[in-house]
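Each remark here refers to the structure printed beneath this line.
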Amino acid sequence: MTRSRAPPPASPDPSTLVGRLLFTGASLDPDNRCRASGYAVVVTDAAFTDSEKATLHFPGGSAEFPILRSVDGADAVDISTFTKQTGLTTLDQGFVNTASTRSGITYIDGDQGILRYRGYAIEDVAANCSYLETAWLLIYGELPTPDQLGEFDERIRRHTLLHEDLKRFFAALPHTAHPMSVLSSAVSALSTYYEDSLNPKDPEQVEISTIRLLAKMPVIAAYAHKKALGQAFLYPDNSLSFVDNFLKLNFGTLAEPYEVNPVLSKALERLLILHEDHEQNASTSTVRLVGSTEANLFSSVSAGINALYGPLHGGANEAVLTMLKQIRDSGQGVGRFVERVKNKEDGVRLMGFGHRVYKNYDPRAKLVKESADEVLAALGVSDPLLDIAKELEQIALDDDYFKERRLYPNVDFYTGVIYKAMGFPSRMFTVLFAIGRLPGWIAHWREMTTDPATKIGRPQQLYTGPAARDWPTGR
Ligand code: ACO
């Protein structure tokens, strides 16, 4: 296997050092010692080897930690014995420097704008694979043979029906319910129908749960949409492909036949593929954390849907459209809006911009932008919101505020404009993201449950509350 890691620099930059893992903001002295509050992390200049260790000197002692090799990207200091060795804990708010697991599914290089699924560039996957083929790749680790793909597709088509009782579940919710809340509730409720196959340690039960989730979650999503519209639910049409079936369930009615528009189908398939996985993002980490308790796959994915709902994560696609409409309706122009963002007025942010990992153009955003132009042209739709988005992007990319902070459009910047052109209401946008992300959640949950190193996820804390005090007399 080739290794593409650059050798460690002779005079390391503090931001590249293992010391940053422990002491954010620490600086280096001439001996490459990372200084902070009397602590020092020694970093050697020699190339990392498997036996190489990082040494931490702290008041009262020192401790050594192995440096673990990655196939690509940053190596890791293994601090699993940290508290045992030092009596200290580590603080890394937001997990900015901390790997929560080993994983072999997806690789991101945020500086170079690289995303790979199981080693394949996202551009190649998006150009050559279907949604289900990509799902197979993520879940099982290799591209499927035609027979494997055919069988997988067939199994999913045969599992699309929801229990009729579960359909009644939708009637109990208000028609104003946000479809993301409906989706997470109904996915959680799915587990109540399959109590005989929820054991995370039984590969056959995991397999059937995988198929059921992939088959039924799009149907639930479409019913959440229909519920909001006040229209009758359609039964799945198993003669159709995964994406075409989903479009029919959303846009077909009982009153007339539904013709799938191939432009919509192709564009939606591509968007779903681009969302299928993104390594240890907030919702995937949630799925893994919940799954680490040996909770079943449905419960874990339901938690992931709730994590995705937030506007700083998957909810950004809905928030982008709201932002574009506000700019249009305010009549103040894009320039004024950008000024408000830069002045941090009322905490206003440029939604769809910035990313925890990408400090370069998100490779998915490039592909989505191409799709936006294609879809709108093919549908003959001219949307002033797309013009506003493009103007906003250009102004932001040319502006020092965004350049200095390395803020670029992320995957969500243009998706909303496309989904809107397809006819989805904005409240469905994050639901579409969830369907895209489902194979990634499943792949990570399965990777975690079969990894012998897995432990229940249970972080520590730096306690900052009151010290022990006497109970007030007389109380
Ligand atoms: N607009 C304006 N300023 C921003 C933005 C933005 N979208 N994002 C970050 N910044 C600024 C911050 O104000 C901060 O500036 P400062 O140094 O002057 O204080 C600096 O850039 C760093 O920001 P952080 O919040 O520390 O960056 P972090 O990596 O924690 O946040 C996040 C990443 C949450 C994605 C952030 O960029 C954001 O809020 N973006 C908008 C929401 C969004 O589009 N989310 C979708 C992400 S992609 C996904 O989940 C599918």
Side-chain angles (χ1 to χ4, degrees), residues 15 20 24-25 92-98 106 108 110-111 113 115 117 122 180 271-287 304-324 326-327 334-369 389 392-419 426 429-441 444:
S15 65
R20 194 166 163 250
T24 307
D92 184 16
Q93 206 95 29
F95 302 110
V96 177
N97 307 285
T98 300
T106 288
I108 302 173
D111 284 330
L115 169 62
Y117 292 167
I122 187 65
M180 279 298 274
L271 292 180
L272 294 178
I273 292 167
L274 295 179
H275 285 87
E276 282 199 45
D277 195 38
H278 216 234
E279 50 117 309
Q280 313 305 323
N281 58 86
S283 56
T284 303
S285 297
T286 301
V287 170
I305 294 168
N306 283 324
L308 188 73
Y309 189 6
L312 296 189
H313 190 15
N317 56 14
E318 186 180 340
V320 170
L321 211 79
T322 307
M323 172 186 77
L324 295 176
Q326 278 168 356
I327 295 173
V334 171
R336 170 69 194 119
F337 180 77
V338 171
E339 283 309 311
R340 287 184 62 213
V341 170
K342 286 162 55 180
N343 296 335
K344 300 186 174 165
E345 281 174 36
D346 307 321
V348 62
R349 282 195 165 198
L350 182 44
M351 299 312 284
F353 253 67
H355 198 277
R356 169 58 61 77
V357 182
Y358 291 119
K359 301 303 170 196
N360 198 328
Y361 212 100
D362 180 338
R364 303 166 302 171
K366 270 189 207 140
L367 299 169
V368 172
K369 192 177 174 186
L392 198 51
E393 177 188 351
Q394 205 46 55
I395 292 180
L397 291 178
D398 291 342
D399 193 295
D400 284 343
Y401 175 96
F402 296 92
K403 282 197 223 169
E404 281 160 14
R405 291 167 179 77
R406 304 181 70 191
L407 300 170
Y408 293 87
N410 59 50
V411 69
D412 284 325
F413 194 65
Y414 285 105
T415 49
V417 177
I418 307 178
Y419 294 146
S426 55
F429 294 175
T430 315
V431 170
L432 299 169
F433 190 154
I435 294 169
R437 184 54 52 87
L438 179 61
W441 288 333
H444 281 272

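Every value quoted in this text rests on a predicted model; they were computed, and no experiment measured them. Just so it is clear, the values below take in all heavy atoms, side chains as well, and ignore hydrogens, waters and symmetry mates. Whatever order the structure lists them in is the order used to number ligands and atoms, beginning at 1.
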**Message:** With a cutoff of 4.0 Å, is Phe413 in contact with ligand 1, counting heavy atoms of the residue only?
**Reply:** no
**Prompt:** For atom 40 (N) of ligand 1, which protein heavy atom lies nearest, and how many Å away is it?
**Reply:** Phe353 O, 2.9 Å
**Asked** Taking N or O atoms only and a 3.5 Å limit, does Val411 qualify as a polar contact for ligand 1?
**Response** no
**Asked** So, Asn281 versus Arg356: side-chain donor-acceptor pair below 3.5 Å or not?
**Response** no
**Item:** Numbered atoms of ligand 1 (with element) below 4.0 Å of Gly352, judged on heavy atoms
**Value:** 43 (C), 44 (O)
**Prompt:** Cut-off 3.5 Å, side chains only: do His278 and Tyr358 have a donor facing an acceptor?
**Reply:** yes
**Asked** With side chains defined as the heavy atoms from C-beta onward, is the minimum distance between Phe337 and Ile395 less than 4.5 Å?
**Response** no
**Message:** Main chain of Tyr309, side chain of His313: is a donor-acceptor contact present, judged purely on distance under 3.5 Å?
**Reply:** no
**Request:** Could you tell me whether Met351 and ligand 1 have an N or O pair separated by under 3.5 Å?
**Result:** no
**Prompt:** Distance only, no hydrogens: is a donor on one side chain within 3.5 Å (strictly under) of an acceptor on the other, for Asp362 and Asn410?
**Reply:** no
**Asked** Who's the nearest protein heavy-atom neighbour of atom 2 (C) of ligand 1, and how far?
**Response** Val341 CG1, 3.5 Å
**Asked** When you measure from the side chain of Lys344 to the backbone N and O of Arg340, does any donor-acceptor pair fall under 3.5 Å?
**Response** no
**Asked** Under 4.0 angstrom from atom 26 (O) of ligand 1, is there any protein heavy atom?
**Response** no
**Request:** Find all atoms of ligand 1 within a distance of less than 4.0 Å from any non-hydrogen atom belonging to Phe433, and give their numbers and elements.
**Result:** 51 (C)
**Prompt:** Is there at least one pair of N or O atoms, one from Leu407 and one from ligand 1, spaced under 3.5 Å apart?
**Reply:** no
**Request:** Kindly determine whether Glu393 and Tyr408 satisfy side-chain hydrogen bond (donor to acceptor under 3.5 Å, both in side chains), including the steps that lead there.
**Result:** CA-CA 8 Å; Glu393 177 188 351; Tyr408 293 87; over 6 Å; no
**Prompt:** Where is the nearest protein heavy atom to atom 50 (O) of ligand 1: which residue, which atom, and how far?
**Reply:** His313 ND1, 2.8 Å
**Prompt:** What is the closest protein heavy atom to atom 35 (C) of ligand 1, and at what distance does it sit?
**Reply:** Gly354 O, 3.7 Å
**Asked** Do any N/O atoms on Asp412 end up under 3.5 angstrom from N/O atoms on ligand 1?
**Response** no
**Request:** Test Met351 against every option in Val320, Leu324, Asn317 by the side-chain contact (heavy atoms from CB on, under 4.5 Å) rule and name the one that passes.
**Result:** Val320
**Prompt:** Hey, is OH on Tyr361 packed in by over 12 heavy atoms from elsewhere, all under 6.0 Å?
**Reply:** yes
**Complete:** ligand 1 to Asn410, heavy atom cutoff 4.0 Å, flagged ligand atoms 43 (C), 44 (O), 46 (C), 47 (C), 48 (S)
**Message:** Please check this pair: side chain of Arg364 against backbone of Asp412, looking for a donor-acceptor N/O pair closer than 3.5 Å.
**Reply:** no
**Prompt:** Relative to atom 18 (O) of ligand 1, which among His278, His355, Lys344, Lys342 owns the nearest non-hydrogen atom?
**Reply:** Lys344
**Request:** Would you verify that at least one protein heavy atom lies under 4.0 Å from atom 8 (N) of ligand 1, or report that none does?
**Result:** yes
**Request:** Scan the protein's non-hydrogen atoms and note whether one is under 4.0 Å from atom 22 (C) of ligand 1.
**Result:** no
**Request:** Could you tell me the residue and atom name of the protein heavy atom closest to atom 1 (N) of ligand 1, and the distance to it rounded to 0.1 Å?
**Result:** Leu350 N, 3.0 Å
**Message:** Are there over 12 heavy-atom neighbours, none belonging to Gln93, within less than 6.0 Å of that residue's CD?
**Reply:** no
**Complete:** Residue, atom and distance of the protein heavy atom nearest atom 3 (N) of ligand 1 read Tyr401 OH, 3.1 Å
**Prompt:** With a 4.5 Å heavy-atom cut-off, do Phe429 and Leu321 have their side chains touching?
**Reply:** yes
**Prompt:** Do Ala316 and ligand 1 have an N or O pair less than 3.5 Å apart?
**Reply:** no
**Item:** From the candidates Arg405, Arg356, Lys359, Arg349, the one that places a heavy atom nearest atom 12 (C) of ligand 1
**Value:** Arg349
**Item:** Face-on cation placement of Arg405 at Phe402 ring, 6.0 Å and 45° thresholds
**Value:** no
**Request:** For ligand 1, indicate whether the residue Leu312 contacts it via side chain, backbone, both or neither (heavy-atom separation under 4.0 Å).
**Result:** both
